[in-house]
Amino acid sequence: MRDSAIAFAPGRVNLIGEHTDYNEGLALPFAISDGVTVRATRTKSGRIEAVATDLGRRDSFALGQIARADGWRAFVRGAAAEVDRHGAQLTGGRLEISGTVPRGSGLSSSAALEVALTLALFALSDAPVPGRLELAQLCSRIENEWVGARTGLLDQLASLYGERDTAVEIDFRSLTLNRVALDLGEFSLVTLDSGERHAIAGSGYNQRREECEGACRELGLASLRDATLEMVQRLPEPLAARVRHVVSENDRVRAAVHALAERDFPALGRLLDASHASLRDCYDVSTPAVEATVERLHRAGALGARIVGGGFGGNVLGLLPPGVSAPRGAVTVTPGPGAALID
Ligand code: GLA
């Protein structure tokens, strides 16, 4: 048990493998250098006093019967409740939260917030910090049960398993993680903000998830991991299109791992483009602002560009060849270390 702790958790970029995590599929994310920092001090007040520095907002609530709240407060209350439920027996704490990942940007500010909060709260308690997989699952419960977004494990695992120069191939069926060197040589990855913000809980995200569950029921499958393109013919629209996306996206993750191993960056670019086309045409999660952003990256000379994260706004990822200047506002992204206590 500590009197104080500072936890940092990064956001993530998903190189490829979108909307596959809750379908027991594959994805290839990496942690970025932007993230959320939580400075925590232990108290004996039986309460959590939290300040969101960037928002200039506060929250204060009693431990024990934690009441629900909206927005960023839902994350703090959910984190305290889930950490306590894990046997932490918190005595009280002051939390100062600050971050550099814009909310609703598709770079997973939510997971960064959950992971930094839970790491800091565990540090103030007697309970040992759970292993990374278990902690990711605990954080995902915060989002599912307290925030109301039925997200999968992609973001939390990416934040917790981040490593410099490395992406991580995740198999969401076996929950195995495979490190993939992300050495792009003179090529670079950039994110470009569409300027449009999304809130997963209020977007079509939960509806997409229900559609995938509906497709599984129609096909008699436990998950879409077992679906094939032949099966799609038995489904009505839009379920057929949703399944087409999930099946082809898993194949693209495998192909991207291969392209990286072969250092075939033009092939990687084509996979990013194909992923985006599938997310737009089959999964229906793009918007006019996102399309304009993809277009800007292509006009600048990107080899491929795709929407990142849950969709309905946020950032677009582009792969730039050597010598091409990124469009104004683009940010170069490289894989950085995963979440940890930094003090
Ligand atoms: C959001 C969710 C993730 C994942 C992606 C889409 O980021 O939090 O669980 O489903 O969307 O790939």
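First listed ligand is number 1; within each ligand, the first listed atom is number 1. Because the structure is predicted, anything quoted here is derived from the model rather than measured.
Close contacts between ligand 1 and Thr151 involve ligand atoms 2 (C), 8 (O), 9 (O) [criterion: under 4.0 Å to a heavy atom]. Listed by atom number, the atoms of ligand 1 under 4.0 Å from Gly152 heavy atoms are 9 (O). The Gly309 neighbourhood of ligand 1 comprises atoms 6 (C), 11 (O), with distances under 4.0 Å to a heavy atom of that residue. Atoms of ligand 1 lying under 4.0 Å from any heavy atom of Arg12, numbered from 1 in the order shown and given with element: 7 (O). Shown in contact with Tyr22 at under 4.0 Å from a heavy atom are these atoms of ligand 1, numbered in order with element: 10 (O).
Glu18 and Asn14 form a side-chain donor-acceptor contact under 3.5 Å, judged by distance and modelled atom types alone. Side-chain atoms of Ser60 and Glu49 include a donor-acceptor pair closer than 3.5 Å. Between the side chains of Ser248 and Arg244, no donor-acceptor pair is found at a separation under 3.5 Å. When only modelled atom types and interatomic distance are considered, Arg252 and Ser278 share a side-chain donor-acceptor pair under 3.5 Å. A donor-acceptor contact closer than 3.5 angstrom links the side chains of Glu249 and Ser275. Side chains of His298 and Asp273: a donor-acceptor N/O pair is present below 3.5 angstrom, by distance only.
Taking only nitrogen or oxygen atoms, main chain and side chain alike, Leu153 does not reach within less than 3.5 Å of ligand 1. In terms of polar-atom proximity, Thr20 is not counted as a contact of ligand 1, lacking any N or O under 3.5 Å from an N or O of the ligand. Any N or O atom pair closer than 3.5 Å counts here, and Asp155 shares at least one such pair with ligand 1. Taking distance alone, with nitrogen or oxygen atoms compared against 3.5 Å, Glu143 stays at or beyond that limit from ligand 1.
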Checklist entry - Should Gln156 and Ser140 be marked as a side chain to side chain donor-acceptor pair (under 3.5 Å) after you check the CA-CA gap, both sets of side-chain angles, and the distance that decides it? => result CA-CA 7 Å; Gln156 295 81 4; Ser140 153; 5.0 Å; no
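Nearest protein heavy-atom neighbour of atom 9 (O) of ligand 1: Asp21 OD2, 2.5 Å. For atom 10 (O) of ligand 1, the nearest non-hydrogen atom of the protein is Tyr205 OH, 2.6 Å.
The aromatic rings of His19 and His245 sit perpendicular to each other, their planes meeting at more than 60°, with 30° as the lower class boundary.
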